[in-house]
Amino acid sequence: MRMGLGRSVDYKKELEKAAKTMILVHEPDALIKMIVRMLVQKVRITHAGILLHDKARDTYILTVSKGAAGFKIPAGFARIDSDNPLVRFFKEGPDKKYFSEGVIIYGEAKKTAVSKGAEPRLRELAAKVAYQMEIYEAVACIPTYFRDELLGILLLGGKKSGGPFSRDELSFFMALASDVAMGIRNAQLFRELELELDKRKRLFINTTVALAAAIDAKDHYTHGHTARVTNLSLEIAQRLKNRNKYAINDKAMEDLQIASLLHDIGKIGIPESILNKEGSLNEEEHKKMREHPILGVTIIQAIKELEDAVMGVKYHHERFDGLGYPEGLKGENIPLIAAIISVADSYDAMTTDRPYRPAMQKDAALAEIKRLSGLQFNPRIVEIMAELSREDRL
Amino acid sequence: MPKLLIVDDETDILEFAANFFRKRKVEVFTAPNGEQAVSMAHSHKPNLVLMDIGMSGIDGIETLKRMKEMDCNTKVIMVTGREPQEDASFNKCMELGAMGYIHKPLELDELEKVVLKELMKI
């Protein structure tokens, strides 16, 4: 079979190929480019382009165009407004008597413009349509609708071999046009879904921030503590990622944000008399205080989406040497997000005033963190802290 | 035949616009940058210049200024990609004596009308 010579193209096969690709393409631009390229290559027409509706400006912009030099209209160079005869023609719905396939063929438009049988209004519109087609050197114009909305117009040049388009070819064009519409619509839905997800994510984070504020409000001495720990934790994680992009993925980054916001949520269950006590805690109070990670887990474990973030809340008081609580996990067995929060939490506690002691200087706090590297803290994270300090980012 | 000089640093646009007007019985010259545009305006004395504002190197405004200094009767229509009301450079062009502007994406029939109308005057 010689490809590209009019009828010899297996249009059904090409359509199936297009449909398959469409499932994979979320970007309508890529899909449209592919379809326009296919038209020029397989049907062998001189040039093809597509005008796509820009909703914000209510105008149709020539987005993709392919063909020989001088024919190809650069993307974004040309537009037609919604009062353009071509748009009006398709919006009104082509008169089936003169435009049998629902598409405009230049020859038919010219004929209709002078047809004695046609209404004067249709004759006038057909003449204007023909003129627009001359401007774009289009031989056929194919509309792409979604429901009643005109999403775009395919502009097709003539066949390189000359001669009119066959019925097969016209129905192939129509099918492609509806593929385009579906592709655009899918991409729009996909984008809307992403926006919706984004909105929900923001709502969720904001709710978490509000919860975190509730913890801070209860504990007089830790004003702003949660926000600072969260910021420092995220900064540490970002740097770990910069060193090794596999160290922490996007999901873990989100978990870390939630976990650091909620790391002290268990303190809601600790009496204020213990939280705000001046002077050191007795053994029983100390025991109670050490329950807050598990109390935190109890509070948030019902939320399935927080499954991984729970790890950060539960283990942020574990120590690298295994002497921490609640489980005495050791070394790299401690989940990374918990190990990060542990360092950020301790550093912030050291550098702020507490009921039982004044704040430490930054240098002194960092020195303490370094001294505890491999004992209380994961050395990898201590290294990042040193780096942040050198850059004066602490 | 009326003479039109088209100035744009995008080859695709130059090729398309040149082809478009040649088919309409216009003698077309093209320049891919401001410097060549100034020297072509000098050597070919076009009846009209169609020029992009946002070119790399010497931009459309500076090129317009140089053309006008050379021959204040040169007629120039500017093409801009930005919205004119937001565009201070548009006002600058009008001050420098540009006879009009068209902004992209443009309507081809409008482009045809504006340019041919101007060229018919000669």
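Each chain gets a letter, A, B and so on, in the order the sequences are listed, and its residues count up from 1.
- Of the two parts of B/E107, the backbone and the side chain both hold a non-hydrogen atom closer than 4.5 Å to a non-hydrogen atom of chain A.
- Two residues are said to be in side-chain contact when any heavy atoms from C-beta on lie closer than 4.5 Å; B/K104 and A/P74 fail this criterion.
- The environment of B/E35 atom CD is sparse: at most 12 non-hydrogen atoms of other residues, nucleotides or ligands sit within 6.0 angstrom.
- Between B/L108 and A/I73, some side-chain heavy-atom pair lies under the 4.5 Å cut-off.
- Summarising the local packing, NZ of B/K68 is surrounded by more than 12 heavy atoms from other residues, nucleotides or ligands at distances under 6.0 Å.
- Under a cut-off of 6.0 angstrom, the local environment of NZ in B/K23 is crowded, with over 12 non-hydrogen atoms contributed by other residues, nucleotides or ligands.
- Ranked by heavy-atom pairs shorter than 4.5 Å toward chain B, the options A/I61, A/N84, A/D81, A/L62 are led by A/D81.
- Counting non-hydrogen atoms of neighbouring residues, nucleotides and ligands closer than 6.0 angstrom, the NZ atom of B/K45 exceeds 12 such neighbours.
- With a 4.5 Å cut-off on non-hydrogen atoms, A/I135 touches chain B through its backbone and its side chain both.
- Heavy-atom distances place the backbone of A/E134, and not its side chain, under 4.5 Å from chain B.
- Between A/R79 and B/H103 the shortest heavy-atom distance is NH1-O, 3.9 Å.
- Counting non-hydrogen atoms of neighbouring residues, nucleotides and ligands closer than 6.0 angstrom, the CG atom of A/D198 exceeds 12 such neighbours.
- Within a 6.0 Å radius of NE2 in B/H42, no more than 12 heavy atoms belonging to other residues, nucleotides or ligands are found.
- Looking at B/R22, neither its backbone nor its side chain comes within 4.5 Å of chain A, counting heavy atoms on both sides.
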